[in-house]
Amino acid sequence: AEGWLSGSRRFITVDPEGRVRLWTPRLKGLLKKPASAPDSRLLGRFGVSGTLVRVALTSAGEGTLSCKAVFEQESATLLRHYHIDPAEGESVELVWEQELTDTFARGKTNWHLSPCHRWAVGQDHQVMRLVRLSDRDSSRVDEWTFPGEKMWFSPTFSVDGRWLALRHSVRALEIIDLDRNTAAEAAVSRRELFVHAGAIEPIAFSPDARWVAAGGRSAEVTVASTDGRSIRKLKVRGENVLGVQFSPDGNWIGAGSREGAVTVWPMAALTEGAEPLVLRGLPTPALDIAFSPSSDSLVASGMSSHFRHWPRFEDRVGRIPDVLPGRADAIQDLALSPDKRWIALACAIDHADAKRDKGLVKLIDVTGGEEEQVLGFHSHAASGVAFSANGEWMASTGIDGFVNVWNLAETVSQFNKDTSSIPPRHVFDLSYTRLQYLRRVAFHPRGTLYATCGDGILFEWDLNARHPASTVREHRLHSIG
């Protein structure tokens, strides 16, 4: 389990041994960092015997996290609540613990914790138990055990933690209202929402928790309002829906099929019958799909390292390489041009026939033009690319210490001229600095180019000058990541 600390790049991880670590991500290249620069700091341990089977982390404000952990022991199941504060000496503090009466066979219990940490669900093939959790009073366990006349699977919570959806009897979906004071009251609210055309597999809630959708072994997605007043059947291109997701803004719902197609409906389709969009190009089954935070981009993942990205799926415009084969060039950095037409890639060649050039700089037209164009090489891994704000320049750097600068308009005009690469307009040599560090480039809005190195120096050039190389300035800093 991992959780980000609010307002920072740091995050917390908990490993199976109960060790809690604080991590501060740093940019990393192909070369390992020295042992003197550790990636993490041990904050503490949970310190309890038994097998750690479930952990849930959530923000507790002011750079701290709240953690609930479930431990399986020989004679009992323990639920423990911890407070994690990286700023304190004793960073991992046990707040309370309670014993969960375990009616399951040892090792067959599956525990699920709600996003708000108010509820826990324990289930196996015969019995399901709903437990209401408290951050203050652990003297008694408020739980409800459902009899084993049905089989429950795939417990899925809404984002706000109010609703719990469960698949039972293979094709039916039940829903439980968790906005109740006791487990018994929540259990009473349990009701069957709909029966799907085939066995239910993926389940998803809309961001506002007003809708729940389910796919599975049929050519449709069933979408229902959580109040049960509206139920719609949406037809999918292909059979067997493997992934279902709502967009973060709640305006779209997408489904990936075994045939590799992704069908996307506007939410207006639920009331107005709007036509779906069908996105193709993934050559394998679409195992899962995901929307971007802005809800205007969609990615589908497939088998054997295949994936497909639709940058603007609403217009069905855009093309990005959709396969990451085993001999692919490892992408170290990428940048999008201001007009959103070009993507620049800094790559490292990671296969046996790389005899001399170990870094590539590529340019890709994402509006449906050329697949890709190799601009230049670095003698070691290329590690950084950037476009200027006005779209005039593109720069790259690599672990070899060189900075290459291309005029974008001139570069594009030379595409398809049977050249293995396109010479840059400017080349700046920083190979006298330490080379074993990842390097980056960036443009200031006024056009100034900056580059980093491993010596704690930030280099600056004015590309508007007649001789940019003579304008170099050095800014000595404590360290640059």
Side-chain angles (χ1 to χ4, degrees), residues 1-5 11-23 39-60 64-86 88-148 151-157 161 164 166 176 178 182-183 186-187:
E2 55 91 5
W4 291 94
L5 295 172
F11 63 96
I12 298 290
T13 61
V14 181
D15 68 17
E17 304 301 322
R19 290 184 291 259
V20 182
R21 291 186 175 273
L22 172 67
W23 296 78
D39 287 325
S40 64
R41 175 165 63 91
L42 181 65
L43 299 182
R45 301 171 183 265
F46 285 161
V48 66
S49 61
T51 303
L52 179 61
V53 296
R54 185 72 62 179
V55 176
L57 295 163
T58 187
S59 173
T64 65
L65 289 173
S66 173
C67 173
K68 283 189 172 65
V70 178
F71 297 86
E72 291 284 0
Q73 297 180 327
E74 291 186 3
S75 58
T77 299
L78 290 181
L79 174 67
R80 291 187 135 205
H81 177 85
Y82 295 92
H83 181 73
I84 301 175
D85 185 354
E88 297 293 332
E90 296 293 333
S91 301
V92 181
E93 177 188 1
L94 175 63
V95 181
W96 55 256
E97 73 173 27
Q98 64 186 36
E99 182 176 328
L100 302 176
T101 305
D102 199 352
T103 59
F104 305 107
R106 290 287 117 208
K108 295 183 179 179
T109 306
N110 291 315
W111 286 97
H112 304 267
L113 299 173
S114 69
C116 61
H117 283 191
R118 290 182 56 198
W119 297 90
V121 175
Q123 49 120 196
D124 71 357
H125 292 304
Q126 298 177 347
V127 187
M128 184 183 77
R129 289 171 47 240
L130 184 64
V131 182
R132 192 179 191 282
L133 309 176
S134 171
D135 289 338
R136 299 179 180 179
D137 182 13
S138 61
S139 59
R140 67 185 185 87
V141 177
D142 179 12
E143 65 177 88
W144 183 271
T145 300
F146 294 91
M151 298 170 66
W152 286 275
F153 298 93
S154 309
T156 304
F157 293 94
L164 171 64
L166 301 137
I176 297 175
L178 299 178
T182 67

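What's counted below: heavy atoms across the whole structure, side chains too, no hydrogens, waters or symmetry copies.
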Subject >> Residues that R80 engages under salt bridge (Lys or Arg N to Asp or Glu O under 4.0 Å), provided they are two or more places apart >> reply: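 By the salt bridge (Lys or Arg N to Asp or Glu O under 4.0 Å) rule, R80 matches E97.
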**OP:** With sequence neighbours left out, write down each residue that passes salt bridge (Lys or Arg N to Asp or Glu O under 4.0 Å) with R45, or none if nothing qualifies.
**Re:**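 For R45 there are no salt bridge (Lys or Arg N to Asp or Glu O under 4.0 Å) partners, ignoring immediate neighbours.
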Taking all atoms of both residues into account, what is the closest heavy-atom pair of [X] and [Y], and its distance?
X	Y	result
K68	L79	CB-CD1, 4.4 Å
S66	H81	OG-CE1, 2.9 Å
L164	V121	CD2-CG2, 3.6 Å

**OP:** List in chain and number order the residues that pass side chain to side chain contact (heavy atoms under 4.5 Å, CB included) with A186, two or more places apart in sequence or in another chain; answer none if no residue qualifies.
**Re:**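 Side chain to side chain contact (heavy atoms under 4.5 Å, CB included) list for A186, sorted by chain: W119, L130, I176, L178, R180.
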Subject >> Value rounded to 0.5 Å, distance of CG in L78 from CD in Q73 >> reply: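 Output value for this atom pair is 4.0 Å.
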Side chains of [X] and [Y] in contact at under 4.5 Å (non-hydrogen atoms):
X	Y	result
I12	L22	yes
P16	L52	no
D85	E93	no

Subject >> ring-ring contact (aromatic ring centres under 6.0 Å, His included) involving Y82 - partner list, sequence neighbours excluded >> reply: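 With sequence neighbours excluded, Y82 shows a ring-ring contact (aromatic ring centres under 6.0 Å, His included) to F46, given in chain and number order.
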